[in-house]
**Student:** 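Quick one: this structure, given as structure tokens, is what I'll be asking you about.
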Amino acid sequence: LVLKTSVAAPRFPLILVAIHGMGSLHHIVLALVAGHGAAVRIDDRGRVFAELQVMQLPLQIPSGAEIWVEVGANSRNLAARDEAACAARGGVVVLSFEPVAGQYARLTSAPHAHVLKPLGAMTAPRVAECFVLPFAVSNASGSAAEFHILANDGQSSLLESAPPGDAVVSVDLGDGATRDLVVPVEADENAAARAFVAAHGLEAGGGCGDAACVATRLADAVRKRRADELVVTPVVSTRRVPIVTLEWVFDHVLPPGADIAFLKIDAQGSGLDVWASARRHVRRVRGVLIDANLDGRSQLYAGQNGCSATLSFARGMGYHAAPELDAACSAEPLEARFDGADEPHLVTELNLYFPRDPAQRRPACGAWLAANGMEVEDVYTVGLPNQLPTCGPADECAACEGPCAVFFSPDACTCADSQIIYRN
């Protein structure tokens, strides 16, 4: 299924589709669409495109309700379910974008939708309305683009997957000094470790009494780092999807003069492109939650936004990015397990929240935590300004024997020593 849109009218015409037909099935499809004119067509690659209405304008926005926009909804960590658990009942309208057709269908069908709800609506417990559009959001020109569908469709992206990167191991040289051993992907870890030991005169340490032992330990660490590095799953197909800009959303979908109170971006590497697509309306976006890659770590996607670049972009656009966030960009990656997986992986992405008002904090609360909204990417910035709150000197988490990590109340908190699960 591939989607494409023509955005000239309130009825969002869509191209629905892509049957990569073979043999008799292809001829059946040709027969079905013959005579249907421009509303249904087949391209030279056998992909079938059809016009389909996905929404009816104008949107019904209750008076006083905030507008939230989510780009890259998939079907987990939904703003309409997780962050909205902290909003006043009926106080939020959510507009979500999800270009993966299977996930879009999942969100707009039972149990998420109801026949009496408006076209394209998804039900959620506390929101006034939630609408889902099967589009990608991009600052690129044109009305459609190739979308890469990965084996884990939560990793699907407009961007191509990045090739494996360098392995980086931080080495303690003693007296508080550290250096990074950087081993290019094509290099031999044993030779690189021996050269590093010789260059820094490492004769002992880490349980070793000679340089050869130190080099072996470092080579083992590089091998472990390469094995632990999280990589995206294989691309299984590409599909043509419609793309729109946030500027277009402001101009054609939202009520005139409306602001976006909360923009949640999980666009698998293209977050800054999404944010920039607000263009002349960017100052009408009051708060942005975006994921970014830790500095100096292998990219999962070609051109993925890095942490420092994201901070620089936010500051350049007039958003508040506290100086304490700069240190988080160079944090050591955490090990985490996917749900149901035995082997841990290094998580090299983090979530960052940027408000226009320095006093504003990321939308989250104990109910959000209970709704399973927290990801391992959240851990890197806990306790920093505008991010998730941590426990103070007098706060104790009822579930923890030691220190807590995220803290909303004694009964709504997480422990710093909890096993980290990377939810899939």
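Values below: every heavy atom of this structure, side chains too, minus hydrogens, waters and symmetry copies. None of the values given here were measured: they were computed from a predicted structure.
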**Student:** Tell me, do Q155 and Y301 make a side-chain contact under 4.5 Å, heavy atoms counted?
**Tutor:** yes
**Student:** What pairs of residues pass the ring-ring contact (aromatic ring centres under 6.0 Å, His included) test when at least one of them lies in residues 60-80, not counting sequence neighbours?
**Tutor:** W68-F262
**Student:** Does any N or O in the side chain of R280 come within less than 3.5 Å of the main-chain N or O of E247, such that one atom is a donor and the other an acceptor?
**Tutor:** no
**Student:** For Q60, check side-chain contact (heavy atoms from CB on, under 4.5 Å) against everything at least two apart and list the hits.
**Tutor:** P58
**Student:** Yes or no on side-chain contact (heavy atoms from CB on, under 4.5 Å) for F313 and N305, after CA distance, side-chain angles and deciding distance?
**Tutor:** CA-CA 10 Å; F313 182 90; N305 57 295; over 6 Å; no
**Student:** With a 4.5 Å limit on heavy-atom distance, are the side chains of V376 and D378 in contact?
**Tutor:** no
**Student:** Under 6.0 Å from the ring centre and within 45 degrees of the ring axis: does the NZ or CZ of R239 meet both conditions for the six-membered ring of F147?
**Tutor:** no
**Student:** Which of these passes side-chain contact (heavy atoms from CB on, under 4.5 Å) with C307: D326, L352, N293?
**Tutor:** L352
**Student:** Apply ring-ring contact (aromatic ring centres under 6.0 Å, His included) to Y319 and list each qualifying residue two or more places apart in sequence or on a separate chain.
**Tutor:** W275
**Student:** Please identify each residue that fulfils salt bridge (charged side-chain N to carboxylate O under 4.0 Å, His left out) with E146, with sequence neighbours left out.
**Tutor:** R47, R240
**Student:** Are any of the side-chain nitrogens in D82 or R362 under 4.0 Å away from the carboxylate oxygens of its partner?
**Tutor:** no
**Student:** Are the side chains of D251 and H281 in contact, using a 4.5 Å heavy-atom criterion?
**Tutor:** yes
**Student:** Can you measure from NE2 (H320) to CG (N386) and round to the nearest 0.5 angstrom?
**Tutor:** 4.5 Å
**Student:** Quick one: list whatever passes ring-ring contact (aromatic ring centres under 6.0 Å, His included) with Y380, sequence neighbours left out.
**Tutor:** none
**Student:** If we ignore hydrogens and angles and just use 3.5 Å, is the side chain of E66 paired with the main-chain N or O of A261 as donor and acceptor?
**Tutor:** no
**Student:** Tell me, please, which residues at least two apart from S308 pass side-chain contact (heavy atoms from CB on, under 4.5 Å).
**Tutor:** D295, C329
**Student:** Return the set of residues passing side-chain contact (heavy atoms from CB on, under 4.5 Å) with S312 (not counting sequence neighbours), or none when no residue passes.
**Tutor:** none
**Student:** Do the cysteine sulfurs of C415 and C400 sit under 2.5 angstrom from one another?
**Tutor:** yes
**Student:** Less than 2.5 angstrom apart at the SG atoms, yes or no, for C404 and C413?
**Tutor:** no
**Student:** Quick one: list whatever passes side-chain contact (heavy atoms from CB on, under 4.5 Å) with D291, sequence neighbours left out.
**Tutor:** D266, E349, N351
**Student:** Not counting sequence neighbours, list each pair that qualifies as a ring-ring contact (aromatic ring centres under 6.0 Å, His included) and has a residue in residues 74-101.
**Tutor:** none
**Student:** Indicate yes or no for a side-chain donor-acceptor contact from R81 to the backbone of A124 under 3.5 Å, with no hydrogens or angles considered.
**Tutor:** no
**Student:** Which residues satisfy the disulfide (SG to SG under 2.5 Å) test with C130, sequence neighbours excluded?
**Tutor:** none
**Student:** Under the 3.5 angstrom rule, does the side chain of S409 hit a backbone N or O of A412 as a donor-acceptor pair?
**Tutor:** yes
**Student:** Quick one: do L78 and V94 satisfy side-chain contact (heavy atoms from CB on, under 4.5 Å)? Show the steps, please.
**Tutor:** CA-CA 10 Å; L78 300 172; V94 181; over 6 Å; no
**Student:** Is there a side-chain contact between Q387 and L325 in this structure, where contact means two heavy atoms from C-beta onward sitting under 4.5 Å apart?
**Tutor:** yes
**Student:** I'd like to check the side chain to side chain donor-acceptor pair (under 3.5 Å) partners of E332; sequence neighbours left out, ordered by chain and number.
**Tutor:** R297
**Student:** Sequence neighbours left out, what passes salt bridge (charged side-chain N to carboxylate O under 4.0 Å, His left out) with R89? Give chain and number order.
**Tutor:** none
**Student:** Check whether any side-chain heavy atom of E98 lies under 4.5 Å from a side-chain heavy atom of N74, and answer yes or no.
**Tutor:** yes
**Student:** Under the salt bridge (Lys or Arg N to Asp or Glu O under 4.0 Å) criterion, do R217 and D220 qualify, and how do the steps go?
**Tutor:** CA-CA 5 Å; R217 293 285 179 87; D220 287 344; 5.7 Å; no
**Student:** Roughly how far apart are I290 CD1 and I265 CD1, rounded to 0.5 Å?
**Tutor:** 4.5 Å
